[in-house]
There are 2 protein chains.
Amino acid sequence: MKLNDRAETLLRSLIEIYINEGQPVGSRTLARQIKLNLSPATVRNVMSDLEDLGLIHSPHTSAGRIPTQKGYRFFVDSLLQVKPLEQLTLEEMQDKFSNESDPQLLLNKASELLSQVTHFAGVVLIPGQRSSLFRQIEFVKLASQRVLTILVTDDGRVQNRVIPTDRSYSASELVEAANFFNQVYAGTSLADVRRGLLKEMQKDSDEMHRITATALAVAGKLFDDEDDGGDAVMLSGEENLFNVPDLCQIEKLQKLFDAFKTKQDLLDLLDRSMRVGGISIFIGGESGYQSLDDCSVVTAPYDHDGEIIGTVGVIGPTRMSYDEVIPVVDVTARLLSGALSTPSDRLE
Amino acid sequence: MKLNDRAETLLRSLIEIYINEGQPVGSRTLARQIKLNLSPATVRNVMSDLEDLGLIHSPHTSAGRIPTQKGYRFFVDSLLQVKPLEQLTLEEMQDKFSNESDPQLLLNKASELLSQVTHFAGVVLIPGQRSSLFRQIEFVKLASQRVLTILVTDDGRVQNRVIPTDRSYSASELVEAANFFNQVYAGTSLADVRRGLLKEMQKDSDEMHRITATALAVAGKLFDDEDDGGDAVMLSGEENLFNVPDLCQIEKLQKLFDAFKTKQDLLDLLDRSMRVGGISIFIGGESGYQSLDDCSVVTAPYDHDGEIIGTVGVIGPTRMSYDEVIPVVDVTARLLSGALSTPSDRLE
DNA sequence: ATTAGCACTCCGTAGATCCGAGTGCTAAGA
DNA sequence: TCTTAGCACTCGGATCTACGGAGTGCTAAT
């Protein structure tokens, strides 16, 4: 798309005004705003051209123009110059991350931070466990045929589950089984653990060592349906969206909150943006999810020692101040990456 | 409050009609509905009396009457006869709880169940850990000065936290410390553990056994700020409330969702209702929380081997079918109690 | 005590009108 | 050829009016 300077300036101004005011922008308003001394009539001509290009449109005959999705896209790609973050905001953001080392809580804080600073909804894609390595397992006997299993992966995350067993195991059997596991599988990926278990199970159980059998019987169920433990999204400040004038229609909010509830769409979207790498901006329906039609999503990936493992983002109305939101998302991702990587939680 | 039979019948009918239709009920409608062959004029006289008593009121001169908060209260206390649960619904509900033994997931399912069956929001008060007993602790070394602590209480719940330490501990030191803990404190309440720790800390550290010192240094921080780990509320189906006509005003929903977010009000409310025991019904502003002004909350306590440990409930509009919601909440609480208590997760 | 009748009130809707904002077009000017 | 002034036109939103429907309260008769 190629535009002459004047058209670009006008489009930029129009979008900026619209983002600020929320009202369709007319030719007179735009002419007054602009440096070039142009008459409203001239501006109208240019606007007419921009409308032909599909960048703006009027909601009705005698209203001003508002940007189309395509217009926003062009604006974001070619016209936008992001504002640097205010020093004060930056410090606030840094404060938020200091004195916190638990990865789970860090992600939580990142999400909250995004919603607080932008007054929209903050979202964090939490890396799945697919790539994480088995570190340690503990079995705690609860009732006669119920065992609590605690699984620790090398990135310091803990999962626990109560598992019904076929027979009752003694405490010492469980300790032995845990030791067996911890020695045999330490450092291997969870997928490998699952594969190993399946293989063992196919052998005739008579041949097995008693301890192995116990371990298999107890932990088999744990790893069986562990494949669901994939990515997850964490959302903060959804309630901010109630205050966004562009969204304050019951049906829109309802669609949005339904999407927040199921999270599947969000998850897909964030996952896609993670693969892209770098800051992604989905405008309106671009994401392909109907529930986000009136929203834009700005995301940035974060990493752990250089490897991208997740995404942070902001969900707000399409009419948002991209020049302010983008740096906030960017900085949050960086701060989060920093906070996650020092000191390392991985095995030494 | 004493009412003659006819007034009672009329009030009951009026409220039932209003709950079904959502529109103010006029004298003609009410007269037609009622078995007794009364003329609208007579009905009007009775309605006038009921209005004087503060049980109903008109939104404006030429509209019918709607129940006041006081009217609902009288209805619920004196006039309501709950419907027995449909067999089909009951079976659905039982299905939901079968094949699940993890307490956490059970609570989750209870909450979902309530929202699905009633089409309102389901809520569960999750018992705090105040009364739970220390069972086992594990320390996992992450980085040089970061230790993952895993705390298991006797009700099978697991908490974990990454703790920064002052110096680096070896794996064996951590194992020893864990053993120390598990032997000394097993079966005592968490509060006692905290007290014990504080006492130990006041001693001169030189006198302490090395293992004790390690245990204290690592776990001290865990128990330090563990007091926040109190009750929690779990909410499901908030999005159902978008579809409730009585609530579909942005500001009302916003207040509601703000309350859902902070959860403090909810927590107080459910905690109060737990202490009362039995089914509690808070109508409109009765709860005292402004955010719930247009809502009613129906709750029932659930227990674990006879001891009440939490509450389940439904949050819906004041204009809800109490005769249907009440048994659902009641049965859910019973089913949950049953599912929690067999087999016991407690120490044997 | 109950009821029929009637005047009155109020809401909600549908038209009618008007104003402001903005456009598109045309013709004149640079 | 680009720009501009002028003008007719359109449309949405606010305001006003009229009116029918629903319901009440009161009164007088049964």
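Proteins come first, then strands; the chains are lettered A, B, ... in the order of their sequence lines, and each starts at number 1. Values below: every heavy atom of this structure, side chains too, minus hydrogens, waters and symmetry copies.
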Self-check item: Nearest to side-chain heavy atoms of B:T42, which nucleotide of C:dT23, C:dT2, D:dG23
Solution: C:dT2

What pairs of nitrogen or oxygen atoms, one from the protein and one from nucleotides 16-18 of chain D, lie under 3.5 Å apart?
none

Exercise. Starting from C1' on C:dG24, measure out to CZ on A:R28 and report it in whole angstrom.
Key: 15 Å

Quiz item: Looking only at side-chain N and O atoms, does A:S27 come under 4.0 Å of OP1 or OP2 in C:dT23?
Solution: yes

Self-check item: More than 12 heavy atoms of other groups within 6.0 Å of A:N37 CG
Solution: no

Quiz item: B:G26 and B:M47: which non-hydrogen atoms are nearest, and at how many Å?
Solution: C-CE, 4.2 Å

Quiz item: Atom CG of B:L50 and atom C1' of D:dT24: how far apart are they, to the nearest Å?
Solution: 15 Å

Self-check item: Whether A:S321 side chain and A:E324 backbone form a donor-acceptor pair below 3.5 Å
Solution: no

Self-check item: N or O in side chain of A:R6 less than 4.0 angstrom from D:dT3 OP1/OP2
Solution: yes

Quiz prompt | Expected output: side-chain A:S13 to main-chain A:T9 donor-acceptor under 3.5 Å | solution = yes

Quiz prompt | Among A:D246, A:D294, A:N20, side-chain hydrogen bond (donor to acceptor under 3.5 Å, both in side chains) partner for A:R319 | solution = A:D246

Quiz item: Can you check the B:L38 CG to C:dT3 C1' distance for me, whole Å?
Solution: 11 Å

Practice problem: Could you tell me the separation between the CD1 atom of B:I34 and the P atom of C:dT2, rounded to a whole number of Å? | Solution: 15 Å

Quiz item: In whole angstroms, how far is the P atom of D:dG13 from the CD atom of A:Q23?
Solution: 10 Å

Quiz item: Of the non-hydrogen atoms in B:L253 and B:L247, which two are nearest, and what is the gap between them?
Solution: CG-O, 3.4 Å

Practice problem: May I ask you to decide if B:R44's main-chain N or O and B:S48's side chain share a donor-acceptor pair within less than 3.5 Å? | Solution: no

Exercise. Please state how far atom CG in B:D49 lies from atom C1' in D:dT24, giving the value in whole angstrom units.
Key: 14 Å

All N/O contacts under 3.5 Å from nucleotides 10-19 of chain C to the protein, with atom names and distances to one decimal?
from   : atom 1 : to    : atom 2 : distance (Å)
C:dC10 : O2     : B:S62 : OG     : 2.8

Exercise. Look at the side chain of A:E51 and decide which nucleotide, out of D:dG25, C:dT3, C:dG24, has an atom nearest to it.
Key: C:dG24

Quiz item: Parallel under 30°, tilted from 30 to 60°, perpendicular over 60°: which one fits the rings of A:Y322 and A:F75?
Solution: perpendicular

Quiz item: How close do A:V329 and A:G313 get, heavy atom to heavy atom, and via which atoms?
Solution: CG1-CA, 4.3 Å

Practice problem: Round to the nearest Å and state the distance from B:I56 atom CD1 to D:dG23 atom P. | Solution: 14 Å

Quiz prompt | B:Q69 side chain to B:G285 backbone, donor-acceptor under 3.5 Å | solution = yes

Quiz prompt | Donor-acceptor contact present, side-chain B:T89 to main-chain B:L85, <3.5 Å | solution = no

Quiz item: Expressed in angstrom and rounded to an integer, what is the separation of B:Y18 atom OH from D:dG23 atom C1'?
Solution: 16 Å

Practice problem: Give me the ring orientation class for B:F242 and A:F257: parallel if the planes are under 30° apart, tilted from 30 to 60°, perpendicular past 60°. | Solution: tilted

All N/O pairs under 3.5 Å across the protein-nucleotides 5-7 of chain D interface:
from  : atom 1 : to    : atom 2 : distance (Å)
D:dG6 : O6     : A:R44 : NH2    : 3.4

